[in-house]
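Quick notes on the structure that follows.
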2 protein chains.
Amino acid sequence: MHVRQLAKMLGVSPDTVRYYTRIGLLEPQKSIENGYKFYSPNEQNRLRFILSARDLSFSVDDIKQIFHKADEGESPCPTVRRLIDNRLHETEQRFQDTLRLRARMHTAVENWGGKPDKKPSGNVICHLIDEFTKTPE
Amino acid sequence: MHVRQLAKMLGVSPDTVRYYTRIGLLEPQKSIENGYKFYSPNEQNRLRFILSARDLSFSVDDIKQIFHKADEGESPCPTVRRLIDNRLHETEQRFQDTLRLRARMHTAVENWGGKPDKKPSGNVICHLIDEFTKTPE
DNA sequence: GTAAACCTGTGAGTTAGACACAGGTCAATC
DNA sequence: GATTGACCTGTGTCTAACTCACAGGTTTAC
Ligand SMILES: [Zn+2]
Ligand SMILES: [Zn+2]
Ligand SMILES: [Zn+2]
Ligand SMILES: [Zn+2]
């Protein structure tokens, strides 16, 4: 199975498969004849796993660590539990940040609704942005 | 005013100021004597504006466009209104994505709480991740 | 046989800075 | 005046997770 077919089967772009291959997450056999990469059922399964882990926000480096454990025959579960704790904290942080940002942006747009356009002058580059920042209440 | 002093005054890292300078958002005068960059009050004001815009999620490229308008004496306000609409959609998308991800992760961690560690076998690399993906209900 | 359509691997580009580092500058000594 | 050490500078390189560009190889249709 070549890169495009595998990509289509699992619903990702060929470039994504190429990327995972390039960094060593996938190790297809290389055809001597034309240099094309051939993905065995085992590699297909590995990609499936990568995508499952990705959907839980595991990073590529996390997945490398998980594979490393599994390839040595050890249980990757402790690693997985430890890693997802980090990712959970990150996600919570990102969630809170995005929540705050969204509120700020909504407030700004509402404030700007009744304001006219103005040309820049003196220190004021855009009065919308300048004034919104200076009066945050 | 040199890079470190300016950075400290506005609460960002010197590298951030250097970055904005490198990409042309700031244009300090260059001392002929020692090559150090000198930031005038006008440049200081520009950095203040950059940081205000950044806090509303305007990208560096957005800010370039805003500066371009303002430098030509035109009102950047229409540009600003158009750009923030895009950023608002992006932020909303990111918010929803993060919300969903957070729920998925919480569910996963709860499911994994009562499960033992297992060694990899056959097609299963990590049963926690594999089984969670396959039984999403 | 040839032309077009399709596919491949590799190299480079993307964001918004962070980090490393060789060297320049400045104040306080001696 | 020379020297030491602390501090500061610009420039080059690196990051995550891909996406895009591109020269060339392969397959199919006629
Ligand atoms: Zn496991
Ligand atoms: Zn924790
Ligand atoms: Zn404006
Ligand atoms: Zn809209």
Side-chain angles (χ1 to χ4, degrees), chain A residues 1-39 43 47 49-67 83 86-87 90-91 93-94 97-98 101, chain B residues 1-39 43 47 49-67 83 86-87 90-91 93-94 97-98 101:
Chain A
M1 190 175 260
H2 289 173
V3 60
R4 184 167 296 262
Q5 195 183 348
L6 172 59
K8 190 171 185 183
M9 185 176 84
L10 294 186
V12 295
S13 81
D15 278 328
T16 298
V17 177
R18 290 198 186 98
Y19 171 64
Y20 293 147
T21 303
R22 199 170 341 201
I23 63 174
L25 274 188
L26 297 174
E27 295 179 329
Q29 288 155 8
K30 204 166 185 174
S31 162
I32 302 173
E33 192 169 341
N34 58 11
Y36 287 10
K37 277 144 186 170
F38 182 83
Y39 296 86
E43 293 304 312
L47 178 54
F49 181 85
I50 291 169
L51 299 178
S52 298
R54 187 181 70 164
D55 284 351
L56 283 169
S57 89
F58 287 103
S59 74
V60 158
D61 193 68
D62 292 344
I63 299 171
K64 263 188 195 172
Q65 293 183 48
I66 296 169
F67 277 172
L83 290 173
N86 299 338
R87 299 306 162 209
E90 283 177 16
T91 301
Q93 187 65 52
R94 189 148 42 89
D97 290 348
T98 309
L101 172 62
Chain B
M1 191 174 261
H2 290 174
V3 60
R4 183 167 295 263
Q5 195 184 348
L6 173 59
K8 190 171 184 182
M9 187 178 81
L10 295 185
V12 295
S13 82
D15 277 328
T16 298
V17 177
R18 290 197 186 98
Y19 171 63
Y20 293 148
T21 303
R22 185 148 23 177
I23 63 174
L25 275 189
L26 297 174
E27 296 179 328
Q29 289 156 8
K30 204 165 183 174
S31 163
I32 303 174
E33 193 168 339
N34 58 10
Y36 286 9
K37 278 144 186 167
F38 183 82
Y39 295 86
E43 293 304 312
L47 178 54
F49 181 85
I50 292 169
L51 298 178
S52 298
R54 187 183 69 164
D55 283 350
L56 284 168
S57 88
F58 288 102
S59 73
V60 159
D61 191 69
D62 292 344
I63 299 171
K64 263 188 193 170
Q65 294 183 47
I66 296 168
F67 277 172
L83 289 173
N86 299 339
R87 298 304 162 212
E90 282 178 15
T91 301
Q93 187 65 53
R94 189 148 42 89
D97 290 348
T98 309
L101 172 62

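Letters go in sequence order (proteins before strands), and every chain restarts at 1. These numbers come from a predicted model, not from an experiment.
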Once you round it to whole Å, what is the distance between [atom2] of [N] and [atom1] of [X]?
{"X": "Leu25(B)", "N": "dG17(C)", "atom1": "CG", "atom2": "P", "answer": "10 Å"}
{"X": "Tyr19(A)", "N": "dT19(D)", "atom1": "OH", "atom2": "P", "answer": "11 Å"}
{"X": "Asp61(B)", "N": "dT14(C)", "atom1": "CG", "atom2": "P", "answer": "11 Å"}
{"X": "Lys64(B)", "N": "dG17(C)", "atom1": "NZ", "atom2": "P", "answer": "13 Å"}

Notebook entry, point to check: Counting only heavy atoms not in Gln29(B), do more than 12 fall under 6.0 Å of its CD?
Noted result: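 Counting neighbours around CD of Gln29(B), 12 or fewer heavy atoms of other residues, nucleotides or ligands fall under 6.0 Å, so no.
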
Notebook entry, point to check: Can you check whether Ser59(B)'s main-chain N or O pairs, donor with acceptor, with Asp62(B)'s side chain at less than 3.5 Å?
Noted result: yes

Think [X] has a side-chain N or O under 4.0 angstrom from the OP1 or OP2 of [N]?
{"X": "Thr16(B)", "N": "dA16(C)", "result": "no"}
{"X": "Ser13(B)", "N": "dA18(C)", "result": "yes"}
{"X": "Tyr20(A)", "N": "dA17(D)", "result": "no"}

Item checked: Partner set under side-chain contact (heavy atoms from CB on, under 4.5 Å) for Ser52(B), not counting sequence neighbours -> Ile129(A), Thr133(A)

Note to self: Is any side-chain heavy atom of Gln93(B) closer than 4.5 Å to one of Glu90(B)?
What the structure shows: no

Item checked: Heavy-atom side-chain contact between Arg94(B) and Leu101(A) under 4.5 Å -> yes

Notebook entry, point to check: Going by number, which of residues 50-59 of chain A have a non-hydrogen atom under 4.0 Å from DNA chain D?
Noted result: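 Within residues 50-59 of chain A, the residues near DNA chain D are Arg54(A), Ser59(A).
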
Pairs: protein N or O with nucleotides 1-11 of chain C N or O, under 3.5 Å:
{"from": "dT8(C)", "atom 1": "OP2", "to": "Arg4(A)", "atom 2": "NE", "distance (Å)": "3.4"}
{"from": "dG9(C)", "atom 1": "OP1", "to": "Lys37(A)", "atom 2": "N", "distance (Å)": "2.7"}
{"from": "dG9(C)", "atom 1": "N7", "to": "Arg18(A)", "atom 2": "NE", "distance (Å)": "3.3"}
{"from": "dT10(C)", "atom 1": "OP1", "to": "Lys30(A)", "atom 2": "NZ", "distance (Å)": "3.4"}
{"from": "dT10(C)", "atom 1": "OP2", "to": "Lys37(A)", "atom 2": "NZ", "distance (Å)": "2.8"}
{"from": "dG11(C)", "atom 1": "N7", "to": "Arg22(A)", "atom 2": "NH1", "distance (Å)": "2.8"}
{"from": "dG11(C)", "atom 1": "O6", "to": "Arg22(A)", "atom 2": "NH2", "distance (Å)": "3.1"}

Margin query: Please determine whether side-chain contact (heavy atoms from CB on, under 4.5 Å) holds for the pair Tyr39(B) and Met9(B), giving the CA-CA distance in whole Å, both sets of side-chain angles, and the decisive distance to 0.1 Å.
Written below: CA-CA 12 Å; Tyr39(B) 295 86; Met9(B) 187 178 81; over 6 Å; no

Checklist line | Asp15(B) with Arg18(B): basic N within carboxylate O range, under 4.0 Å | finding: yes

Margin query: Which label fits Phe49(B) and Phe67(B): parallel for a plane angle under 30°, tilted from 30 to 60°, or perpendicular past 60°?
Written below: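 Geometry flag for Phe67(B) against Phe49(B): tilted rings.
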
